There are 2 protein chains.
Amino acid sequence: MNIYLCISDYLRKTIVKAWWRYFKQEMIKKKKITIQDIARELNTTISTVSRALRDHPRISVETREKIKKYALEHDYQPDFRAASLRQGSARTIGVLVPRIDIHFFARVLRGIDEVASENNYNVLIIQSLDSLSKEINLVKSLVYGKVDGLIASISIETLDGEHFKPLINKGVPLVLFDKVLEDVDVTKVIIDDHYGAYIAVQHLINQGCKRIGHFGGPQYLNIYKNRKQGYLDALKDAGLKIDESLIFDDMLVKENGYEVMGKLHAMKNPPDAIFSSNDFAVVGAIMRAKELGVKVPQDIAFTGFANEPMDEIVDPTISSVEQNPVKMGKEAARLLIEQMEDKKSAFYPKTITLKPSLVVRQSSMKKSFVIVS
Amino acid sequence: MNIYLCISDYLRKTIVKAWWRYFKQEMIKKKKITIQDIARELNTTISTVSRALRDHPRISVETREKIKKYALEHDYQPDFRAASLRQGSARTIGVLVPRIDIHFFARVLRGIDEVASENNYNVLIIQSLDSLSKEINLVKSLVYGKVDGLIASISIETLDGEHFKPLINKGVPLVLFDKVLEDVDVTKVIIDDHYGAYIAVQHLINQGCKRIGHFGGPQYLNIYKNRKQGYLDALKDAGLKIDESLIFDDMLVKENGYEVMGKLHAMKNPPDAIFSSNDFAVVGAIMRAKELGVKVPQDIAFTGFANEPMDEIVDPTISSVEQNPVKMGKEAARLLIEQMEDKKSAFYPKTITLKPSLVVRQSSMKKSFVIVS
DNA sequence: CTTTGAAGCGCAATCGTTTGTTCTGTTAAT
DNA sequence: ATTAACAGAACAAACGATTGCGCTTCAAAG
């Protein structure tokens, strides 16, 4: 019995020892390699290794090559945190958007990405999912190490810019785009919503429409307010009278359009065109129009806003205002980078306004062969 | 003249001095505040401050409160890099996707985001834009400091997983989803494409279709190969014979569907249904069908794959296979987190397969009131 | 009166880099 | 022969946090 125990004990110890040795080896193999490891292995110091890897001229070519070779063979990558902590810059720009699956934002991100890559910046994408509290938390956690600057489009819930104030005070470069806030004094990139709406309505007028209605968005958001104003001004300038009963706010989704189209059809004097501040309401309205036997664009023409991809997929295809989001992204990134690299000197916030353009499709083509843009 | 100069010189100096003082103050105000600043200001040490902010029990409540109050008032936020460098973990999971504006990926990201938030992880989103070289660079730069683990769907250009090998060797947790690689031995989350195709085709058969064609994708990608196989097996199991002339590969965009629909219509024995591996080709085909006076679904029924948002916007609405991307994201995040927190123990890669489901809409509803799912 | 213990806080090492400065040789100039 | 100049490499101090350990102080226990 005793002997058995001894053997078993001995075996156990041996096994444990062997396993431990194996485990340790595995761990060492799996451990991330640092410049210290390289220095130790090559009998030199970390400063030499660091300099060699960054092609410092004071390190001889042979030492450089030797170190680089070792680093390559062992898949060395510098630790981002350590480097950026020391250097004081992470070469990263953060982008905060409500949601990435909205086509507009995805394209803005493309623009940002392009300019950032050109300038050797990384892009960190964050979505607020249109929740203010999430936005606040993200803004807080993003800065202080993660990014050197922020490009943001505020969520639909956001009414003031209090949570941006600390950034501004701390001198973190900030650029707002699309939905912006009046009360934060930073660089902004916006599109001329008024102009976009104006040309869209002008186009409808040119197509011969006389009673033009409007699907608007929440009026506390500037973009929708401005679009509505553009609509009103276009009517006024054309000498058309404004009929309040043809104006509907908060028409953000398909269902709204579907429902209101029913109401319009029931009117004794229905509109012959609708300018909508977004494309989804148009889709719903057209759907209902088809059901009711109302012809688009013959009986009622539509022009939307945003130029969503579906606009050329649905039947009839939908005319819409193109916002040039890629350009917007590029512009925002360019301004942010300019601001980041100019940090020491005084920086004056500016506002860039981009002109949208009109894409004419079937939903508004009453007169064929007449193209307005 | 001399006097003038003197005065001007004096003035200049005074102004410069005042400006400099102001500038310095501004800079100090704008400087990011650190734990050391707090310690100095409150006559204590950084360790106490650090502990107080993290609610360490060994710090008295009053000290804690005092420090927290000061921190709050001065918008203190810990430097992410320093903290994570010291702690060895960034509590961040990286997500690499081909493109974020593809609805499927956007929804996967939603799932990931949700699980990550629940577990106090940040999410870092990166898109490869379907470029292999960009993917390789991103993978390299992401790891080593920025993220503790990676969830990735490879780009369409990616044929092997060489660039993932270093991560695996270094013990970085990795989960692949959607498009995966056979040659990398890691945890994977995929959907059962074969099953999805099978039930889609089965549904068409139940609707009374006898000659069912197929729009496929590039056959070197597993997802498309498997979908095609599911189609073939469903036909075989139903005793229907396979007609190679009804099978088209590389049908990824609208235009492909538009063109092929023309060919189909010109056949003397055209198909009465199409199972497509994606929804865009269906949209194009339906467009052409309308032009040719072919009725959908009466003359030809369609079932797509991916359940794109446009499926319920177009007319007729399109039946499609739903891949449950949100669930996929959640699963992937869950597995990754499990792997990250279990790092010390041995971890065995596993593959999770999710079952897709069929969403039946107008494009395949030959018999009304018969619902198959 | 000494010992024990715990509460409350400070000291200093550490994470992995970068980078200004210093040290050691070697060679050229005085 | 002495110095200056220089390349090449090492030393060491940051960057801003976290954290094991050690030092006080004071009260209760022995």
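Below, read A as the first sequence line, B as the second, and so on, with proteins coming before strands; counting in each chain starts at 1. Keep in mind that this is a model prediction, so the values were computed, not measured.
- Protein atom CZ of B:Arg81 is 23 Å distant from nucleotide atom P of C:dT14, rounded to whole Å.
- Taking for each of B:Ala83 and B:Arg58 the nucleotide of DNA chain D with the nearest heavy atom, the 5'-most of the two is the partner of B:Ala83.
- A:Asp113 and A:Arg110 are not joined by a salt bridge, as no carboxylate oxygen comes within less than 4.0 angstrom of a charged side-chain nitrogen.
- Dense packing is recorded around NZ of A:Lys188, with more than 12 heavy atoms of other residues, nucleotides or ligands lying under 6.0 Å away.
- Remark: P of D:dA9 and CD1 of A:Ile35 are 16 Å apart, rounded to the nearest angstrom.
- Atom C1' of nucleotide C:dC15 and atom CD1 of A:Ile33 are separated by 17 Å, given to the nearest angstrom.
- Between the P atom of C:dG20 and the CZ atom of A:Arg54 lies a distance of 11 Å, rounded to the nearest Å.
- Ion pair A:Lys165/A:Asp160 not flagged as a salt bridge, since none of the NZ, NE, NH1 or NH2 atoms sits closer than 4.0 Å to an Asp/Glu carboxylate oxygen.
- Phosphate contact (OP1/OP2 of C:dG10, side-chain N/O of B:Thr44, threshold under 4.0 Å): present.
- Using a 4.0 Å heavy-atom cutoff across all strands shown, B:Thr34 reaches sugar-phosphate atoms only and no base atom.
- Applying the 3.5 Å distance criterion, the base of D:dG20 shares a donor-acceptor pair with the side chain of B:Arg51.
- Distances shown here put a side-chain N or O of B:Tyr76 below 4.0 Å from the OP1 or OP2 atom of D:dA17.
- With respect to A:Arg91 and A:Asp148, no salt bridge is recorded, no charged nitrogen being found less than 4.0 Å from a carboxylate O.
- Heavy-atom nearest nucleotides on DNA chain C were determined for B:Thr48 and for B:Gln87, and the one closer to the 5' end corresponds to B:Thr48.
- Taking the side chain of B:Asp79 as heavy atoms from C-beta on, and the options C:dT19, D:dG8, D:dA17, the nearest nucleotide is D:dA17.
- The base of C:dC9 does not come close enough to the side chain of B:Thr45 for any donor and acceptor atom to sit less than 3.5 Å apart.
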Next item on the list: Given salt bridge (Lys or Arg N to Asp or Glu O under 4.0 Å), test B:Arg99 with B:Asp130 step by step and report yes or no.
Entry: CA-CA 7 Å; B:Arg99 297 172 45 174; B:Asp130 270 321; 5.5 Å; no

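- With respect to the salt-bridge test (charged N to carboxylate O, under 4.0 angstrom), the residues B:Lys32 and B:Asp37 do not qualify.
- With a 4.5 Å cut-off on side-chain heavy atoms, B:Thr34 and B:Ile38 do not count as touching.
- Between the CG atom of A:Asn43 and the C1' atom of D:dC11 there is a distance of 17 Å, rounded to whole Å.
- Straight-line distance from the CG atom of A:Leu85 to the C1' atom of C:dT19: 14 Å, rounded to whole Å.
- Evaluated for a side-chain contact (heavy atoms from CB on, under 4.5 Å) with B:Val175, the options B:Ile112, B:Ile352, B:Leu336, B:Ile93 yield exactly one hit, B:Leu336.
- Nucleotide C:dG20 holds its C1' atom 14 Å from the CD1 atom of A:Ile46, rounded to whole Å.
- Here A:Ser50 lies in heavy-atom contact (under 4.0 Å) with a base.
- Protein atom CD1 of B:Ile38 is 8 Å distant from nucleotide atom P of D:dA17, rounded to whole Å.
- A salt bridge between A:Lys146 and B:Asp79 is absent, with no side-chain N of the basic residue lying under 4.0 Å from a carboxylate O of the acidic one.
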For nucleotides 24-27 of chain C, list the nitrogen or oxygen atoms of the protein found under 3.5 Å from its nitrogen or oxygen atoms, one pair per line.
none

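- In the region residues 61-71 of chain B, proximity to DNA chain D at under 4.0 angstrom, judged on heavy atoms, holds for none of the residues.
- Remark: B:Glu338 engages B:Lys350 in a salt bridge, criterion side-chain N to carboxylate O under 4.0 Å.
- Taking side-chain N and O atoms only, A:Ser84 has no distance below 4.0 Å to OP1 or OP2 of C:dT17.
- The shortest distance between the side-chain N/O atoms of B:Ser47 and the OP1/OP2 oxygens of C:dC11 is not below 4.0 Å.
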